[in-house]
Amino acid sequence: MAQGALPGFRDFYPTEFAQRAYIARIWRDVARRYAFVEYDGPPLEPLELYTRKSGDEIVAQLYNFTDKGGREVALRPEMTPTLARMVAARANALRKPVRWFSLPQLFRYERQQKGRLREHFQLNVDIIGESGVTADAELLAVAIDIMREFGLSPDDVRARVSDRRLLRALLERLGVGDEQLPAVFGIIDKIERQPREVSVEKLSALGVSSESADSLFSLMDGLTLDALRARFGDTPAIAERIADLERYYTYLADLGVAEWVQLDLSIVRGLAYYTGIVFELFDARGEFRAICGGGRYDNLLKSLGGVDLPALGFGMGDVVLGELLRARGLSDVPIGEPDFWVAAAEDGDLRDVMLAATQLRRAGASVEYALRPQTLSKQRKAAFSAGATYFITVGADFAERGSVQVDEVQHVEGAGASLVDRLEEMPKTLASIIALVRDV
RNA sequence: GUGACUGUAGCUCAACCGGUUAGAGCACCGGACUGUGGCUCCGGGGGUUGGGGGUUCAAGUCCCCUCAGUCACCCCA
């Protein structure tokens, strides 16, 4: 077996590269539509940037090494620390709120499995400097609009939303103390993936009563804000969170994405830095991992960069998204087929072909031709195989009158108006084709 | 890092109970069909059966190790 890429890394042959480029294009298009601007940082960072926040145990999951200057460095596993550093360094000069996005390639040293490799491209979209739920709504709308742009619908993808502050207030009401909170969050995070008895057992080991555990389970399933208010609205801290979430929903409706969103308090998102509303995007059939996850992390910039700015953001990787698009038949994208194939007729000259190709290329068209003399039938086959849209034949009369013969080889669906659509009959000279190309 | 399962051509798969030189389709390359050929026909290249070791007269097939893949755990970019 020929040597392939390293475990967890990918070769992008033209077909796969086209899919990757397609995903990146949609990401950029939608992010720009929401007036986010693109940035990037180094793929290699000081190891300390990641250990400072998460401790030494994270080193086990990093690609890290000592460089020739003796520096401890790591390939970036996430973008947020870089973003925090960059924003902190110019915090006073940046127009607020900061609306930035990036398409970094990220690395993690882990055993690969479905939807998780050692390398991936991840769209990061962040808003920094706005604490109101308007920003939370704006952020989620970007993620959902991207789904829509890929041709997915609310039947394919669901956005599940929770609020850590609400969850904390509810748990307090159920008698869960502050010191138990992180562990209980961890159990809730897994509540869907493990049998109920296991969760109950773990909760009771933490000292959570079985009545409280039952209440907890009742909160995880098909809950509405109205039902929450009816049960817990008399607690001010909870009522306040509910009111905030109601405004959030109103804004999501105004932004045209409400039908994708559902409340789901089992969404916790990792453990560390999220502080408010959090969300994940899942395929509706539950076949894949989360497509996207994010939320509010108001304290992170202070702890990382020393600048106290509220912040929120999400990450969306290309691996799970690509799997979903393939499974739904939405990932067939052209790899960059030529517009024209120029062929020499039996009495034609390869140099005339090159002259014609050059003129078409200068007009902006993508043009291929056989690099060695071939029969017309051979050239026609090659043109089809290459995916060319038009087949132009130049013969001996091309040199004198510039006349050519044009055939439509294949009509590309959704490619817009073809030359044929614009004409009663095929053009007869190269000049008339070029005029059309320039026009398009 | 732990566990289970799986590795035959670029892809999808054959190969009897262990038995001759590991085959087919698709893809690729070449040729024919001498004129809109996305067809049809003919031919070709391509494999140390993931790698190594062992058992046997004989291993793609059985055993061990290793590498890789898939899935789950851990963890969650």
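Chain naming here is simple, since letters A, B, ... match the order of the sequence lines and numbering starts at 1 in each. Hydrogens, waters and symmetry mates play no part in the numbers below; they use all other heavy atoms, side chains included.
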Fill in: Length of the line joining A/Glu119:CD and B/C76:P, which is rounded to integer Å
21 Å
Discussion item. What's the gap between B/G54 and B/A72 when it is taken at their C1' atoms, as a whole Å value?
Written reply: 32 Å
Practice prompt. Find the distance A/Gln122:CD to B/A77:C1' and express it as a whole number of Å.
Written response: 5 Å
Discussion item. Let me spell it out: for each of A/Gln374 and A/Phe384, pick the nucleotide of RNA chain B with the closest heavy atom. Which residue's pick is nearer the 5' end?
Written reply: A/Gln374
Worksheet item: Hey, which of these two, A/Ser385 or A/His120, hits RNA chain B nearer its 5' end, going by closest nucleotide?
Response: A/Ser385
Discussion item. Please name the nucleotide paired to B/A77 by Watson-Crick or G-U wobble geometry with both distances under 3.5 Å, or report none.
Written reply: none
Worksheet entry | Distance between P atoms of B/A22 and B/G45 (Å, rounded) | 14 Å
Discussion item. Could you tell me how far B/C28 sits from B/C11 if I compare only their C1' atoms? Round to whole Å.
Written reply: 12 Å
Worksheet entry | Stacked cation flag A/Arg160 on A/Phe282, 6.0 angstrom / 45 deg | yes
Response to the item:
Atom OH of A/Tyr390 and atom P of B/U36 are separated, to the nearest Å, by 21 Å
Worksheet item: Expressed in whole Å, how much space separates the C1' atoms belonging to B/A32 and B/C16?
Response: 40 Å
Worksheet item: Is B/G47 paired to anything, Watson-Crick or G-U wobble with both distances less than 3.5 Å, and if yes, which nucleotide?
Response: none
Item to complete: Measure the shortest side-chain to side-chain distance between A/Ser303 and A/Tyr273 over non-hydrogen atoms and say whether it is less than 4.5 angstrom.
Response: no
Worksheet item: Which value, in whole Å, describes the distance between the P atoms of nucleotides B/U20 and B/G30?
Response: 36 Å
Discussion item. For the P atoms, the ones on B/A9 and on B/G47, what distance do you get once it is rounded to whole angstrom?
Written reply: 10 Å
Fill in: Partner residues of A/Glu287 under the side-chain hydrogen bond (donor to acceptor under 3.5 Å, both in side chains) criterion, sequence neighbours left out
none
Discussion item. Taking the P atom in each of B/U12 and B/C5, what is the distance between them to the nearest angstrom?
Written reply: 23 Å
Item to complete: Check the side chains of A/Gln113 and A/Arg289 for a donor-acceptor pair under 3.5 angstrom, ignoring hydrogens and angles.
Response: yes
Worksheet entry | Separation of B/C76 C1' from A/Leu62 CG (nearest whole Å) | 13 Å
Fill in: Flag side-chain contact, heavy atom, 4.5 Å: A/Glu138 against A/Leu255
yes
Discussion item. For A/Arg118, is there an ion pair with A/Glu110 - N to carboxylate O distance below 4.0 angstrom?
Written reply: no
Worksheet item: Within 45° of the six-membered ring axis of A/Phe36 and under 6.0 Å from that ring's centre, is NZ or CZ of A/Arg99 located there?
Response: yes
Worksheet entry | For B/C5, the Watson-Crick or wobble counterpart (both distances under 3.5 Å) | B/G69
Worksheet item: Does any nucleotide pair with B/G25 by Watson-Crick or G-U wobble geometry, both distances under 3.5 Å, and what is it?
Response: B/C11
Worksheet item: Which whole number of Å gives the distance between the C1' atom of B/U70 and that of B/A59?
Response: 26 Å
Worksheet item: Once the angle between the rings of A/Tyr39 and A/Trp100 is folded into 0 to 90°, is it parallel (under 30°), tilted (30 to 60°) or perpendicular (over 60°)?
Response: tilted
Worksheet item: What's the CG-P distance between A/Asp407 and B/G38, to the nearest Å?
Response: 11 Å
Discussion item. Only pairs with both distances under 3.5 Å count, Watson-Crick or wobble alike; so what is the partner of B/A58 in this structure?
Written reply: none
Practice prompt. Give the B/S/- string for nucleotides 66-74 of chain B, one per nucleotide from 5' to 3', where a protein heavy atom under 4.0 Å of the base yields B, of only the sugar-phosphate yields S, and otherwise -.
Written response: --SSSSSBB
Item to complete: Quick one: look up who B/G18 pairs with, Watson-Crick or G-U, both distances under 3.5 Å, and put none if it's unpaired.
Response: none
Worksheet item: If you look at every strand shown and take non-hydrogen atoms under 4.0 Å, does A/Gln405 touch a base, only sugar-phosphate, or nothing?
Response: base
